[in-house]
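Below: the structure, in structure tokens.
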Amino acid sequence: MADGGVMSGPPARGGPRACGAEYVIARSGCRVALMGPDGRFVALQGAARMTLQAGTHPAQLKDAVTTPGGCTIAGLLAMEDGRVRSTIARAIQVATERASELGQPAKK
């Protein structure tokens, strides 16, 4: 943490990746007429708020709000088929490694 409690360094750079995910979600939602530009922010804010307020691991919250055989679990399984979770984890790893490289003195 930098002065004043503001986060700095690689974890603080997660915002652009989150915005990228938000963009994909929004475009996909619009594609199937689920929500418009305003609705996407409400859905994402609601999910983040639920996770923070519950004080539990996001996986526990996901399990609590999905119905077996329902549309949410079907969508989550499609995401797992597409390796979304590992792709996001890899993006964070690569960005963090690059940030460390950029912080090193130039090699001669």
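Taking CD1 from Ile92 and CD from Glu97, the interatomic distance works out to 12.0 Å, rounded to the nearest 0.5 Å. How far CG of Leu61 is from OG1 of Thr66: 9.5 Å, rounded to the nearest 0.5 Å.
The shortest side-chain heavy-atom distance between Arg85 and Glu80 falls under the 4.5 Å cut-off.
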Apply the test side chain to side chain contact (heavy atoms under 4.5 Å, CB included) to residues Val65 and Thr72: give CA-CA distance (whole Å), side-chain angles for both, the deciding distance (0.1 Å), then the verdict. CA-CA 9 Å; Val65 299; Thr72 300; 5.6 Å; no
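The cluster map of Ile, Leu, Val, Met, Phe, Trp and Tyr, joined by side-chain heavy atoms under 4.5 Å apart, puts Leu77 and Met79 in the same cluster. No single ILVMFWY cluster, assembled from side-chain heavy atoms under 4.5 Å apart, contains both Ile88 and Val94.
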